[in-house]
Amino acid sequence: MLLGESIILIDAGTQDSPEEAIYPYIRSIGRDPSEISHIILTHAHFDHCGGASVIKRDTGCKVLVHKFGRPYLEDAGLIDRELHERFPSIFPAREARFESIIVDETFEDGDVFDIEGRRIRILHTPGHSACSSCIIDEENGIYISGDSIQGRGDRRPLLFYSAEAYIRILRRLLNEPIKTLVTGHPFPPFNEAVLRGEKVRKHMKESLKGIEELRSQVLRVLRDSIRPLSVGQIYKIVGISRPVTIGCILEDLEREGKAEKTRAEEAYLWSIKKQS
Ligand SMILES: [Zn+2]
């Protein structure tokens, strides 16, 4: 949340968050929810954008997201339909988890806004999702990263888009002058959502190391197997992260010409692509 003449919200939580957390907090600091002028979304996942439709209805505020996020906000069911198509064995068909919302403005990498006298820069950081972005308060070196940088741990990272992109953006972020990193959840190893000083770089280096190791592990499992494997089978052998992250790594390998998939009833089976 950025406070000025008006209130700029970065992300909006789930559909219940406005009444349960956001409005009470705004009142507790002597302001009023009607002062919210903008919601800038780090990405289009239900736990970050779900409250946006409620807040927009209550306040008439503007909703901004990266251009790749627009279709997912304006059609709330799209994300789950796509995941079901890509990974049918992990994601059964399901109802949308938030209410669709009309986007007022989209942004791209490098865009700079002046909102209420505050300079806000956008860094497009895809990997967790295609539209993931860091929202940067440049004057203060504050980077609000949503789920763009996930740290390292047995259940991390959780990627829905691409591990290759995630590795690329982590390398790029290591060159940014970040003073304070605000993440969407308290991610391991520090389990804190606000990181400063030394912890910022350590968190990013751990994130990078984690995904690079996971990627090599998946490739090794695929190379060692004498038969094609499903995402679930590879996940069981690797034993860490999440099936969907492993699915994203496999899709990257397919794009690079290193792996291929075949459809077997309700799942895809993956194997190393034979070099001709
Ligand atoms: Zn997310």
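All values below come from the heavy atoms of this structure, side chains included, with hydrogens, waters and symmetry mates left out. Owing to the predicted nature of the structure, the values given are computational and were not obtained by experimental measurement. Atoms within each ligand, like the ligands themselves, are counted from 1 in listed order.
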For this session: Compute the ring centroids of Y161 and H128, then answer whether they are less than 6.0 Å apart.
Result: no

Problem set entry | Check: H38 ring centroid to F113 ring centroid under 6.0 Å | no

Exercise. Is the distance between the Zn ion (ligand 1) and the nearest N/O/S atom of H48 smaller than 2.8 Å?
Worked result: no

Problem set entry | the Zn ion (ligand 1) - name of the N/O/S atom of H43 that sits closest to it | NE2

Seminar exercise, completed: Heavy-atom nearest pair, C131 first then G69, reads CB-N, 3.3 Å

Exercise. Does D47 bring an N, O or S atom to within less than 2.8 Å of the Zn ion (ligand 1)?
Worked result: no

Problem set entry | Minimum-distance N/O/S atom that D147 presents toward the Zn ion (ligand 1) | OD2

For this session: Determine whether the side chains of D147 and H43 contain a donor N or O and an acceptor N or O closer than 3.5 Å.
Result: yes

Exercise. Between the side chain of Y143 and the main-chain N/O of E176, is any donor-acceptor distance below 3.5 Å?
Worked result: no

Exercise. Which atom, counting only N, O or S, brings H45 closest to the Zn ion (ligand 1)?
Worked result: ND1

